[in-house]
Amino acid sequence: MNVTEAVKSRRSIRQFLNKPVDQKTLQNILETAARSPSGGNTQPWNAVVVSGDELTRIADAVKAKVPTAPTGENMEYDIYPKDLDGRYEEQRKGVGKAMFDSLKIPREDGGARIKQMMANWDSFGAPVQLFTYTRKYMGPPQWSDMGMWLQTVMLLLREEGLDSCPQEIWAMYGTYMRELLDIDDDHIFFCGMAIGYRDPDAPINNFEVPRVSLKETVRFRGF
C-alpha cells in the first residue's frame, strides 16, 4: 500500500471485527512513527497502549461515571471551541447526521443515539486502545506535533491492514483517565484511539464523509 492509498482508505472506524491485534506489529508501527516531525525534535507525545482485561477495567470505570456525569467531569481542555460556527460547525453536525442516518437512527430516538455514543467506551469492539498524553506546559505547536504523530500511526496501521478511530471523547473525563492510566499531574490527557480490523460490511463504516473543496481551504500565490 502506498501513502496515497493509506490516506484515502483511512477513516474513523466505528465497528471492528472480533480479531486480535499482534503486539509486535504495534511495536514496529510505533517505532516507525517515532520518525514523525516535531518542532525542535521535542517529540512531545507519550502513550499507553492497552488491551485485554486492563482495557476492560478502564472502560468499565469510565462507563460507571457516565450516569452521574453524562457530559463529562473535570475536562482539561475543550474538545470543540465554544464559539465554533460557520462551515466548521456545519461539518461537525453533518458528519454526526450521516453517522446516525447510516444506522437508521432518527433524531427523535434519543435512546438509540445514547446507546451508539456509549459504544465509544467499548472502543467500538476494537481490542486495543492507544491513549495519548503530554506535559501540561506544552503549547499549540506541540499539540500539533502530537496530531502529526497520531496521523503517522494511523497511516502505518493502514499499511498493515489495520484501522483506527481517534477518540477525543475520553478527554471528557481527563483527570480520571490520568488516574486510571497512572499518569501524573504534570501531564495532560489528550485522546484515545481504538485500533483493530474494520468490519467492512458495517453501514457505519461506509457512509460518505465529504471534504470541502481545495479552493475553500487553500490559496496559491506566486505560481
Side-chain angles (χ1 to χ4, degrees), residues 10-34 36 45-77 79 99 103 113-134 146-147 149-185 187-200 202 204-205:
R10 189 218 64 80
R11 64 176 292 147
S12 294
I13 296 301
R14 294 182 176 87
Q15 188 167 325
F16 290 85
L17 297 174
N18 183 18
K19 183 177 178 180
V21 175
D22 179 63
Q23 181 181 348
K24 183 61 177 176
T25 299
L26 292 176
Q27 286 181 247
N28 291 340
I29 287 171
L30 293 171
E31 286 174 358
T32 303
S36 298
W45 49 80
N46 297 274
V48 183
V49 185
V50 185
S51 190
D53 291 341
E54 179 65 359
L55 180 54
T56 300
R57 178 188 73 86
I58 291 169
D60 287 348
V62 173
K63 284 189 283 187
K65 284 270 187 185
V66 175
T68 56
T71 60
E73 182 179 83
N74 297 327
M75 292 175 64
E76 297 184 284
Y77 72 91
I79 294 176
M99 181 186 74
L103 297 170
R113 286 181 170 236
I114 291 172
K115 182 179 179 181
Q116 175 58 37
M117 293 306 294
M118 288 292 290
N120 275 279
W121 312 124
D122 291 317
S123 304
F124 303 113
V128 175
Q129 267 286 344
L130 185 151
F131 294 113
T132 305
Y133 61 101
T134 192
M146 277 198 295
W149 177 74
L150 285 167
Q151 172 74 338
T152 301
V153 172
M154 287 186 275
L155 297 182
L156 290 169
L157 287 167
R158 289 300 305 124
E159 184 180 59
E160 294 293 335
L162 287 156
D163 290 284
S164 61
C165 183
Q167 296 174 277
E168 289 171 312
I169 195 170
W170 295 91
M172 288 172 55
Y173 305 93
T175 58
Y176 191 43
M177 287 301 300
R178 287 198 288 106
E179 178 184 330
L180 292 169
L181 294 166
D182 296 319
I183 299 170
D184 63 44
D185 290 341
H187 292 82
I188 183 170
F189 177 83
F190 179 23
C191 70
M193 187 165 76
I195 297 173
Y197 294 92
R198 78 174 70 183
D199 181 345
I204 199 169
N205 292 335

Next on the checklist: Which residues pass the side chain to side chain contact (heavy atoms under 4.5 Å, CB included) test with A34, not counting sequence neighbours?
Outcome noted: none
Next on the checklist: Holding to side chain to side chain donor-acceptor pair (under 3.5 Å), I want the full list of residues that pass it with N205, two or more places apart in sequence or in another chain.
Outcome noted: none
Item to check | Pair M118-V66, side-chain contact (heavy atoms from CB on, under 4.5 Å): steps then yes or no | outcome: CA-CA 9 Å; M118 288 292 290; V66 175; 3.8 Å; yes
Item to check | Test salt bridge (Lys or Arg N to Asp or Glu O under 4.0 Å) applied to E54 - qualifying residues, sequence neighbours left out | outcome: R57
Item to check | T32/E159 under side-chain contact (heavy atoms from CB on, under 4.5 Å): CA gap, chis, key distance, verdict | outcome: CA-CA 12 Å; T32 303; E159 184 180 59; over 6 Å; no
Item to check | Those residues that, when tested against E179, pass side chain to side chain contact (heavy atoms under 4.5 Å, CB included) (two or more places apart) | outcome: Y176
Checklist entry - Does the side chain of N46 reach to within under 4.5 Å of the side chain of F190, using non-hydrogen atoms? => result no
Checklist entry - Under the salt bridge (Lys or Arg N to Asp or Glu O under 4.0 Å) rule, what pairs show up with a residue in residues 61-73, not counting sequence neighbours? => result D60-K63, K63-D122, K65-E73
Checklist entry - Partners of I183 by side chain to side chain contact (heavy atoms under 4.5 Å, CB included), sequence neighbours excluded? => result Y133, R178, L181, H187
Next on the checklist: Among residues at least two apart in sequence or on other chains, which ones pass ring-ring contact (aromatic ring centres under 6.0 Å, His included) with F16?
Outcome noted: none
Checklist entry - Who pairs with T134 by side chain to side chain contact (heavy atoms under 4.5 Å, CB included), at least two apart in sequence or on another chain? => result P44, M138, W143, M146, I188
Checklist entry - Is N18 atom CG crowded by more than 12 heavy atoms from other residues, nucleotides or ligands, each under 6.0 Å away? => result no
Checklist entry - Does some side-chain heavy atom of F124 sit less than 4.5 Å from a side-chain heavy atom of Q116? => result yes
Item to check | Pairs touching residues 161-177 that satisfy salt bridge (Lys or Arg N to Asp or Glu O under 4.0 Å), sequence neighbours left out | outcome: R158-D163, D163-R198
Checklist entry - Just wondering, do L130 and V48 contact through their side chains at under 4.5 Å, heavy atoms? => result no
Checklist entry - What are the two closest heavy atoms between G196 and A126, and how far apart are they? => result N-CB, 4.4 Å
Checklist outcome for this item: What one should report as the nearest heavy-atom pair of S164 and M154 is OG-CG, 3.3 Å
Next on the checklist: Can you give me the closest heavy-atom contact between R11 and I204, atom names plus distance?
Outcome noted: NH2-O, 3.9 Å
Item to check | W45 side chain near S36 side chain, heavy-atom distance below 4.5 Å | outcome: yes
Item to check | Min side-chain heavy-atom separation M117-I169 under 4.5 Å | outcome: yes
Checklist entry - Which atoms form the tightest heavy-atom contact between C191 and L150, and what is the distance? => result SG-CD1, 3.8 Å
Item to check | Residues in side chain to side chain donor-acceptor pair (under 3.5 Å) contact with S123, at least two apart in sequence or another chain | outcome: Q129
Checklist entry - What distance do I58 atom CD1 and D53 atom CG have between them, rounded to the nearest 0.5 Å? => result 11.5 Å
Checklist entry - Mind checking whether L26 and L157 have side chains closer than 4.5 Å, heavy atoms only? => result yes
Checklist entry - Got E76 and T175 here, is their nearest side-chain heavy-atom distance under 4.5 Å? => result yes
Next on the checklist: To check you understand the geometry: which heavy-atom pair defines the closest contact between A33 and L156, and what is its length?
Outcome noted: N-CD1, 3.7 Å
Next on the checklist: Tell me which pairs pass salt bridge (Lys or Arg N to Asp or Glu O under 4.0 Å) where either residue lies in residues 13-28, with sequence neighbours left out.
Outcome noted: none
Checklist entry - Roughly how far, to the nearest 0.5 Å, is CE of M172 from CG of N74? => result 12.0 Å
Checklist entry - How would you list, by chain and number, every residue that makes a ring-ring contact (aromatic ring centres under 6.0 Å, His included) with W170, sequence neighbours excluded? => result W121, F131
Checklist entry - Considering the options I13, V153, V21, which one meets the side-chain contact (heavy atoms from CB on, under 4.5 Å) requirement together with L162? => result V21
Checklist entry - Is any side-chain heavy atom of M177 closer than 4.5 Å to a side-chain heavy atom of V62? => result yes
